[in-house]
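Quick caveat: nothing in here was measured; it's all calculated off a predicted structure.
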Amino acid sequence: MSIDPRVALQSLTTALEEHLAASTARRGDDDPAVEAAYLAIADAFEVYEEVLYDAHGEVTPLVIYEEDDDEDDDELDDEAEPSRDERGTSE
């Protein structure tokens with residue numbers, strides 16, 4: 001099964017548009033339509049990235065983040081911010 005990258009890109013664009021529409025019509029914090037549209041973007045992006053690579057050996061600079069654990073986020077925040085020593089400042 002081979003999908004043209006343009007078709008996959010159109011599917012991704014459609015998923016983004018549907019997410020915008022669902023977000024605009026949101027009916028509360030846990031609106032299932034928004035969550036479904038969010039997941040559709042992730043799925044469409046994965047397909048696009050795969051067919052783009054298969055057809056042209058290219059990837060995008062984008063990454064799909066998964067929300068696994070709040071602890072992981074805290075660790076990433078700690079890693080992203082340089083320590084005082086790394087910044088070259090001292091008190």
Side-chain angles (χ1 to χ4, degrees):
M1 173 178 90
S2 178
I3 301 172
D4 184 308
R6 284 178 174 61
V7 172
L9 177 59
Q10 183 59 47
S11 294
L12 176 57
T13 302
T14 299
L16 289 165
E17 290 172 348
E18 290 173 359
H19 183 265
L20 176 59
S23 297
T24 302
R26 176 184 292 271
R27 293 166 292 191
D29 289 341
D30 296 326
D31 189 334
V34 175
E35 184 175 343
Y38 175 92
L39 295 173
I41 291 172
D43 292 343
F45 173 75
E46 287 178 2
V47 170
Y48 173 68
E49 181 112 317
E50 183 178 318
V51 299
L52 180 65
Y53 185 80
D54 289 347
H56 303 291
E58 279 297 325
V59 295
T60 68
L62 307 174
V63 177
I64 300 292
Y65 290 99
E66 295 186 24
E67 298 177 27
D68 289 335
D69 195 344
D70 288 341
E71 266 183 49
D72 291 341
D73 291 341
D74 292 341
E75 289 175 15
L76 289 175
D77 289 343
D78 291 343
E79 292 174 11
E81 186 171 325
S83 69
R84 193 174 313 179
D85 294 336
E86 291 172 331
R87 290 186 297 232
T89 60
S90 61
E91 293 183 13

Discussion item. Which heavy atom of Arg26 sits nearest to which heavy atom of Val34, and what is that distance?
Written reply: NH2-CG1, 3.1 Å
Item to complete: Output the rest of the hydrophobic cluster of Tyr38: all Ile, Leu, Val, Met, Phe, Trp and Tyr residues reachable through side-chain heavy-atom contacts under 4.5 Å, sorted by chain and number.
Response: Leu39
Discussion item. Restricting to side chain to side chain donor-acceptor pair (under 3.5 Å), what partner residues turn up for Ser23, sequence neighbours left out?
Written reply: none
Fill in: Cluster overlap Tyr48 with Ile3, hydrophobic side-chain contacts below 4.5 Å
no
Discussion item. Main chain of Leu9, side chain of Arg6: is a donor-acceptor contact present, judged purely on distance under 3.5 Å?
Written reply: no
Practice prompt. Can you sort out the partners of Thr14 under side chain to side chain donor-acceptor pair (under 3.5 Å), two or more places apart, ordered by chain and number?
Written response: Gln10
Discussion item. Which Ile, Leu, Val, Met, Phe, Trp or Tyr residues join Val59 in one cluster when any pair of side-chain heavy atoms under 4.5 Å counts as a link?
Written reply: Tyr53
Worksheet item: Can any side-chain N or O of Glu35 pair as donor or acceptor with the backbone N or O of Asp30 at less than 3.5 Å?
Response: no
Worksheet item: Does Asp31 have any salt bridge (Lys or Arg N to Asp or Glu O under 4.0 Å) partners at least two apart in sequence or in another chain, and if so, which?
Response: Arg27
Worksheet entry | Minimum-distance pair of heavy atoms, taken over all atoms of Leu12 and Ala44 | CA-CB, 3.8 Å
Worksheet, complete the sentence: Looking only at heavy atoms, the pair that brings Ala37 and His19 closest together is CB-CA, 3.6 Å
Discussion item. Quick one, Leu20 and Thr24 - any side-chain contact, counting heavy atoms below 4.5 Å?
Written reply: yes
Discussion item. Starting from Val7, can I reach Leu52 by hopping between I/L/V/M/F/W/Y residues whose side chains sit under 4.5 Å apart?
Written reply: no
Discussion item. How long is the straight-line distance from CD1 of Ile64 back to CZ of Phe45, given to the nearest 0.5 Å?
Written reply: 5.0 Å
Discussion item. According to side chain to side chain donor-acceptor pair (under 3.5 Å), who are the partners of Glu18, at least two apart in sequence or on a separate chain?
Written reply: none
Practice prompt. Side-chain contact test, heavy atoms from C-beta onward, threshold under 4.5 Å: evaluate it for Leu16 versus Ile41 and give yes or no.
Written response: yes
